[in-house]
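Proteins come first, then strands; the chains are lettered A, B, ... in the order of their sequence lines, and each starts at number 1. Here the structure is a predicted model, which is why all the values come from computation and not from measurement.
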Amino acid sequence: MIRRNTIPFGPQHPVLPEPIQLRLVMEDEKIVEALPSIGYVHRGLEKIAEKKDYVQDVYLAERICGICSFMHSQNYCQGIESLMNVAVPDRARFLRVVWAEIHRIHSHLLILGLLADAFGFENLFMRLWQIRELVLDIMEKTTGGRVILGVCTIGGVKRDITPETSDYILRQLDEIERQLSAVLPSLTHDYSVKQRLVGIGVLPKDKAYELGAVGPVARASGVAMDLRESGYAAYGELNFAMVTESAGDCYARTLVRVRELATSADLTRQALAKMPSGPITTPVKGSPTGEVLARIEQPRGELNFYIKGNGSRNLERFRVRTPTFANLPPLLHMLTGCQLADVPVIAICIDPCISCTER
Amino acid sequence: MPAMSTFKKSPWVVHFNCNSCNGCDIEFLACLTPVYDLERFGILHVGNPKHADVLLVTGSVNHRNARVLRNVYDQMPAPKVVVACGVCAATGGIFADGYNVLGGIDKVVPVDVFVPGCPARPEAMIDGIIRAAEILESRNTAAITSVSCRKPLHRCTPVPDSPKPV
Amino acid sequence: MHETREWLLGGLVLIPILCGGIMAARVPKGIRNLLIVLGGMTTIACSILLALGGTQRIALHPSLGIAGAVLEPLVGALVCWIGLRIRSRLICAMAAMPLLLTLASLLTGNWAHTAETVVVIDSLSLVMVLIISIVGGLITFFAIGYMDQHEQHSTPTAMDGGSFLGVLVAFLGLMNGLVLTDDLRWLTIFWEATTLCSFLLIGYEGSLESNNSARRALLINTFGGTCLAVASFVAERDGHGTLSSLLTSSALLPLALMAVASMSKAAQLPFQSWLLGAMVAPTPVSALLHSSTMVKAGSYLVLRLAPALDATVLGGIISLAGAFTFAAASAMSISQSNGKRVLAYSTIANLGLIAACAGIHSPLAFAAALTILIFHAVSKALLFLCVGTIEQTIGSRHIEDMGGILFKMPLTTTVAIIGMASMMVPPFGMLIGKWMAIEASVDNPLILLLLILGSALTIFFWSKWLGRITTASYHHKYTIEKVSIWMSSILLIMGLAVLTASLGALPIQRYVIKPVSLSFFGQYGTRTSLSLLDSVDAFLGWPLLVVLGAILISVLVGSALFRKSHIRLPYLCGENVDTPEYSFIFRSIADTPSMALLNSYYLSRVFGEQRIEMICNPIAILIVISLFGVIFQ
Amino acid sequence: MIHLAGSIFSKLLSKPDTRRYPMERRPVAPGTRGHIDIEIEKCIFCGACQKRCPSNALEVSRDSKAWILNRYACIVCGYCVEICPKKCIRMNDTHHTPGA
Amino acid sequence: MITPNPTFQIALLILLAPFFGALIAGLDRKITARMQGRIGPPVLQPFYDVMKLLRKEPIVVNRIQVVYAFLHLAFMALSLILLVLGQDSLMFLFVFAFSTLALVLGGMCVRSPYSRIGSQREIMLMVAYEPVLIVLMIGMYLVNGSFLLASPIAAARPMLFTLPLIFIAVLVVLAIKLQKSPFDLATSHHAHQEIIKGLTIEYAGPYLAILEIAHFYEIALLFYLIMLFWASSLLIGALLACAAFFLMIIADNVFARLTSIWTFRFMWTGALILSLTNILWLYL
Amino acid sequence: MLDNVTETTAEALPARVWQTRQEGYRFVTMTCTDLGDSHDILYHFDRNYSLRHFRLRLPRGECLASISSIFFAAILVENEIKDLFGIEFSGLAIDYKGRFILSDGAPLAPLNKSHAGIGMEIRNLTQAASKKEARS
Ligand code: SF4
Ligand code: SF4
Ligand code: SF4
Ligand code: SF4
Ligand code: SF4
Ligand code: SF4
Ligand code: SF4
Ligand code: SF4
């Protein structure tokens with residue numbers, strides 16, 4: 001007779017840099033039910049946004065989450081710009097792509113490192129995070145912030161990239177790729193790593209679509225969906241091939257992220273090369289009215305902001321639906337039936353960001 | 001035992017993310033990695049409050065995580081210190097106005113070191129933890145008995161040992 | 001002295017049977033208890049007196065031989081009649097065998113072959129008598145207290161306490177007879193009689209389950225009994241009416257048959273199912289059947305045979321079967337959460353170990369077998385009694401329900417901890433036995449492998465259990481157990497016995513077991529095994545004493561350092577709820593409290609009972625068949 | 001099978017990547033948002049910075065001529081620096097030291 | 001083996017072994033850090049850690065836990081003594097196994113799910129590696145004709161030549177015992193992902209220090225055990241052990257953690273068969 | 001700007017959502033806005049980067065049928081709206097009972113306009129304390 005075990009997984013748990021609780025019901029070490037309990041990082045950001053003025057909200061939006069902070073400010077600015085019919089200067093659109101893609105590289109390296117940590121590969125974790133510091137150096141050099149960049153603003157960007165910094169970025173990217181080439185094969189080809197990833201947490205394509213998976217999780221299951229294809233910012237003028245995999249397991253998700261590192265580096269290079277000259281910002285007057293659902297492809301997938309203005313400096317409603325929020329139902333699906341040892345791996349593989357999920 | 005500066009040489013840190021936007025968290029994690037390498041000070045990142053000397057908190061307190069923070073703090077053996085990382089942990093930062101933000105973590109646990117910044121830079125965190133380790137050293141072992149255990153455990157009633165799950 | 005000896009024999013065999021017989025006649029409770037004490041005490045006293053007298057052959061009146069020849073078919077007929085009543089053709093057919101054989105021997109003309117019936121009191125039978133009388137006696141005393149309570153909360157059955165206890169006491173007498181007699185016919189009679197008694201005891205509850213179990217026990221053991229009967233017939237035909245003469249002959253067929261008989265009684269694979277079924281009976285029965293009597297008859301027989309197995313292939317196969325049983329039963333017990341079943345599998349495993357050693361045919365192996373036999377009897381009896389007591393108190397025999405009992409039932413649990421420790425922890429006796437067994441089997445790689453795997457697996461279930469009963473919540477205030485004086489005193493005595501026996505493990509080794517095994521093997525032993533035995537003997541006792549000292553000091557220092565003020569809630573990811581009742585509740589979904597539960601692992605997908613049975617039973621059957629294959633080679 | 005094997009040796013033998021922070025301070029990139037400072041002489045106490053500060057970290061009082069920064073509330077966003085009419089708020093590139 | 005007086009030897013062992021173990025642990029951490037491109041802690045860090053732990057508040061969940069901690073320590077020290085004094089090898093193994101068992105029981109006897117998971121896994125690991133160790137002892141007997149652990153020292157030929165396959169299997173056991181990837185399942189300093197700190201989770205302060213000290217003894221013990229494979233020369237034996245430990249560090253840095261079932265399967269097939277093959281050729 | 005918005009009613013909603021699912025749309029999210037006397041609820045769906053929205057006016061105090069049986073993915077957002085706006089959903093596949101994102105002691109339905117939603121008192125407290133520090 002098997003008796004069921006119930007254990008809390010989180011909120012204070014070392015594998016989760018962020019607090020969320022999964023209540024795991026297990027038979028021996030096999031998970032039969034996993035239910036999330038959230039609200040440990042709910043700050044009430046949507047309400048705060050209504051109380052601050054819409055320019056201050058740029059700073060607030062950046063702090064929805066520190067990992068892809070730039071994407072949040074970018075999406076917010078794009079939403080407000082579309083409400084106010086602001087035409088963003090071309091150079092600013094390209095600059096946004098540069099920072100967004102560099103941000104994506106940092107975010108992917110971060111989560112790949114955490115993934116390595118989740119399956120107990122400390123060296124790999126350390127190496128990936130050490131390379132990530134090179135990315136942070138780029139950000140610090142170009143924006144003055146390591147994590148929260150604070151460069152996006154309504155109507156454009158605040159800082160320019162000079163030819164020298166552009167060269168610096170290119171050199172740094174080469175260095176990053178050189179160092180990654182020594183480390184990434186271990187993540188994609190090592191026996192012990194594959195043992196922990198291949199066939200773990202399988203999410204079939206139809207389930208992925210039905211449960212609303214987004215970003216690398218969806219793409220790893222073969223759902224071709226990448227909002228960059230819709231051509232916001234300067235993506236319409238750059239070439240890139242969407243990365244998809246079909247297996248739908250943790251390994252596929254890892255591969256998607258690994259391959260996206262290359263796409264992002266490539267996009268950065270393209271954007272730097274094709275960078276038009278001109279101003280980086282336009283003046284913005286008035287207040288937003290109307291409603292919009294602004295969308296953008298974040299490192300973790302599709303990010304939605306519903307912004308409703310009422311003609312005053314305060315917004316009527318600001319709602320955030322982040323990719324992790326969409327990826328939680330697929331996570332529950334993947335967890336059922338897996339082994340306890342695989343819980344951290346599967347959880348990290350959706351790249352959970354609770355902070356933006358709960359706002 | 002000679003009063004060796006053992007605490008200063010091996011402060012073990014447990015990290016709890018309260019209401020943080022992740023900015024401070026990833027900066028703390030960055031401290032552990034090769035570029036900043038906290039372990040060279042003997043600092044170990046432990047997952048378990050029972051093994052920790054330093055509680056490093058990022059983010060502010062909300063209604064749900066206040067109790068968790070308190071529990072984590074209570075489960076640490078004395079002597080212990082608390083480091084609040086980032087302005088959220090100090091005052092609530094940009095979120096201080098939120099309906100679900102109770103304020104800085106000093107609302108729930110006694111804080112010894114505040115590290116400003118949004119996010120706090122790794123260098124600032126290193127300063128903060130080293131400072132905390134010094135405070136730890138100065139807290140003498142005799143104070144151990146004055147651990148905070150908020151409530152008396154009196155109301156104990158016998159219960160069946162393996163009751164059905166609630 | 002001769003006369004006294006005969007009286008002693010009477011005390012050992014007849015008095016218990018007599019007492020049991022009287023009790024079966026529904027005497028009042030007071031007299032009943034008196035009779036039990038009388039029967040038990042007499043056996044214990046007689047066994048000690050007998051042991052003091054040393055080894056000897058006693059020839060009894062020749063008429064007993066005739067009586068045996070008459071009784072044997074009668075017992076067979078009785079079994080046959082029961083078989084008819086429970087509608088089992090198979091049992092009838094098998095039980096009819098002795099009848100037919102008697103007929104056959106009448107025809108062939110060697111009926112009532114022996115002029116005298118001999119009782120051989122050698123060192124082996126002395127050891128057995130001591131175990132049976134002392135351990136068995138104590139169990140019957142325990143049963144007084146146990147059945148009192150048991151009857152209070154169970155429906156009365158056809159066999160109410162009186163006759164039940166009667167059978168229990170009579171069992172001791174029958175077992176004593178079994179190990180003392182040298183006459184093959186009497187051996188068969190006692191053998192069948194114990195089968196019958198166990199049938200009655202297992203069927204005590206009268207429920208469907210217990211009836212089925214009783215029937216299975218009868219079936220399997222009758223099969224063994226029939227093998228024995230055939231063996232004795234064949235031996236007699238060849239002119240060996242007694243065990244001792246049979247063993248000096250080189251007749252393989254009777255040996256093989258007797259080996260099978262011993263396997264069935266000792267519940268070796270593939271015969272293990274009856275012993276597991278026997279768990280439905282009240283705990284004293286399990287204790288009696290598993291530790292000192294019934295199954296030990298099987299081990300006794302195989303040990304008896306051991307010297308005759310002199311490096312034959314037969315010995316190898318017996319050994320293999322035993323080792324295989326050891327490994328398989330250990331594996332099966334991993335998936336068990338029912339305490340009694342765990343004990344049952346562990347019994348099967350240990351009996352397998354004994355058989356494995358007996359087959360190896362070396363003095364060291366024999367000594368190992370004897371050591372295991374002795375310590376197992378005491379420890380296992382103790383454990384069964386503990387589980388019984390625990391079950392009566394907490395109402396469950398599931399291991400997972402036993403958390404925290406250290407505080408609810410301090411005495412029983414402490415004794416149980418000693419019992420469990422004695423099964424696997426140095427310096428207790430069982431471990432010494434296992435140690436010798438492994439060293440003795442170094443020359444048989446296959447057996448060695450099975451022993452190694454088996455002993456690794458045993459760690460699994462013992463530690464699970466031990467961990468669970470020592471579990472304590474933070475600050476539980478329990479109501480302390482109330483156990484009847486009969487039960488608690490017996491538990492205490494047995495606990496102390498285990499402790500002292502283990503303390504004296506090496507002296508016992510040197511002064512009891514080594515002489516016995518030398519007396520059996522002195523002339524046969526190969527050089528290496530003798531030198532190994534010497535190395536055991538030369539093994540300094542100090543590590544064992546130091547180990548015990550370390551345990552003692554650790555326990556004392558550890559508990560002295562503990563302060564109540566140091567207690568904190570366990571780690572539950574920070575979501576503990578500090579309720580006064582539980583220390584393991586965490587807040588979960590929607591802020592509602594949820595209980596953190598973590599049972600031990602049973603790995604039923606890997607070590608599931610059925611799964612392993614499916615693999616192991618066929619293999620075991622093949623081994624049994626090959627036992628005969630050897631003969632016809 | 002084991003792709004890291006080679007590079008761990010090169011790591012072992014080469015100089016560590018660690019920046020020995022308290023011992024050696026690395027020059028920060030120009031324009032790094034470290035902390036803000038005020039040149040109080042230039043300030044006209046107009047209160048614009050207080051009004052715009054997203055984090056309510058500033059308190060300006062025209063009457064008592066006070067400009068107070070709560071450095072434990074300032075998110076170092078630099079908005080005040082941008083909007084100050086007198087350009088008297090400066091962005092410094094070093095971080096504030098922790099306080100107790 | 002050098003000093004004839006056993007009492008003196010025992011005292012020396014009890015006092016020095018933990019220092020030796022701590023030193024190795026410190027080196028381990030340092031080298032690991034360097035392999036990751038970090039500076040790493042001072043080599044003496046394990047000492048500081050233990051000293052600090054001893055000064056902390058001793059918080060526990062129940063009394064028995066404390067008893068088990070002491071049992072673990074006592075038996076670990078004892079098994080080291082049995083080993084170095086060359087006592088019977090199986091008896092040594094039993095004492096050694098019980099030491100681990102005490103740790104497991106200490107983890108099990110608290111009502112903490114993580115601690116219990118750690119314990120269950122440790123039991124699985126024990127069941128996985130115990131046969132290999134017994135086979136090692138059998139091999140030793142077959143080579144040296146005696147179960148005494150002193151016998152390899154007297155032997156002329158290093159055991160490494162006669163038991164090479166067993167040596168490999170023992171290396172795997174070493175990885176398990178040192179909680180190195182891919183086997184760092186039950187408890188480990190760095191791998192806290194699944195079960196935080198596994199079975200030591202409910203120990204704090206001085207009691208954790210006791211477990212640490214016991215681990216230092218264990219390191220010394222394992223070091224000696226490896227040395228036995230080249231017992232004829234103290235120096236070469238030590239070098240061999242150093243090489244083995246270095247190998248462990250490398251393994252720790254190039255493997256991900258695998259699961260307990262995988263470990264179990266691997267030990268009972270791969271490692272066990274490897275060592276049995278070695279035994280078989282000794283029979284031939 | 002939001003286009004492709006279809007106004008619908010609470011009764012007609014499930015059928016429409018079902019049909020949308022049949023057409024191969026993916027559930028994106030829901031947005032609720034407090035309009036004072038009623039709640040404005042938007043359902044967002046996506047197919048190949050083109051959005052489709054349903055708009056629903058829910059008078060205060062009325063209950064809404066959950067679509068979690070059609071799109072399981074809606075379960076979280078419905079629970080969230082329940083917490084933040086106090087709208088009851090019938091037939092939730094997993095019901096967190098209004099304690100999904102808010103905990104005991106947190107304000108009820110804080111995203112409604114009637115709720116001030118700002119913890120000024122607390123803020124003043126903390127600021128006063130840390131200001132002292134900042135000055136010194
Ligand atoms: S998993 Fe990573 S982030 Fe989490 S505790 Fe471990 S090192 Fe820290
Ligand atoms: S998705 Fe995660 S990393 Fe990105 S902004 Fe949101 S919380 Fe931060
Ligand atoms: S201080 Fe800033 S970076 Fe840190 S958690 Fe708060 S908002 Fe995020
Ligand atoms: S029991 Fe009372 S006095 Fe003692 S630590 Fe707890 S709260 Fe303080
Ligand atoms: S047992 Fe309970 S009541 Fe008694 S001192 Fe301890 S906590 Fe208090
Ligand atoms: S908290 Fe629970 S276990 Fe502890 S004393 Fe109270 S009732 Fe007993
Ligand atoms: S905006 Fe500038 S001038 Fe005005 S109060 Fe602030 S610092 Fe002074
Ligand atoms: S930097 Fe930003 S947060 Fe700080 S005072 Fe200026 S506006 Fe306020």
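Salt-bridge formation is not detected for the pair F:D34/A:R317: no Lys NZ or Arg NE/NH1/NH2 atom is positioned less than 4.0 Å from an Asp or Glu carboxylate oxygen. Using a 4.0 Å cut-off between charged nitrogen and carboxylate oxygen, A:R321 and F:E80 do not count as a salt-bridge pair.
Taken from OH in A:Y209 to CZ in F:F27, the straight-line distance is 13.0 Å, to the nearest 0.5 Å. The distance from atom CG of F:D46 to atom CZ of A:R295, rounded to the nearest 0.5 Å, is 4.5 Å. Rounding to the nearest 0.5 Å places OH of F:Y49 at 7.5 Å from CD of A:E297. Summarising the geometry, atom CG belonging to A:L332 is positioned 10.0 Å from atom CD1 belonging to F:I75; distances are rounded to the nearest 0.5 Å.
At a 4.5 Å heavy-atom cutoff, A:A294 makes no contact with chain F through either its backbone or its side chain. Heavy-atom distances place the side chain of A:Y306, and not its backbone, under 4.5 Å from chain F. Contacts between A:V41 and chain F at a heavy-atom distance below 4.5 Å are absent for every atom of the residue. Using a 4.5 Å cut-off between heavy atoms, A:E316 touches chain F through backbone and side chain atoms alike. No part of A:Y40 comes within reach of chain F, as not one of its non-hydrogen atoms sits under 4.5 angstrom from that chain. There is no contact between A:P330 and chain F, counting heavy-atom distances below 4.5 Å. F:I70 does not touch chain A: none of its heavy atoms, backbone or side chain, sits under 4.5 Å away.
Residue with the most contacts toward chain F among A:E46, A:M225, A:E229: A:M225 (heavy-atom pairs, distance under 4.5 Å). Each of A:A326, A:P36, A:S230, A:A224 has some count of heavy-atom pairs under 4.5 Å with chain F, and the biggest count is that of A:P36.
Here the side chains of F:F72 and A:E210 are not in contact, with every heavy-atom distance at 4.5 Å or above. Using a 4.5 Å cut-off on side-chain heavy atoms (C-beta onward), A:K308 and F:D40 make contact. A heavy-atom distance below 4.5 Å is found between the side chains of F:H53 and A:L293. Side chains of A:E291 and F:L42 form a contact here, defined as non-hydrogen atoms less than 4.5 Å apart.
Residue-environment remark: CG (A:D206) exceeds the threshold of 12 foreign heavy atoms within 6.0 Å.
Nearest heavy-atom pair across F:R26 and A:G212 is CG-CA, 4.3 Å. In plain terms, the two heavy atoms of A:P329 and F:L76 that are nearest each other are CD-CD1, 3.8 Å.
Side-chain polar atoms of A:R319 and F:T29 form a donor-acceptor pair below 3.5 angstrom.
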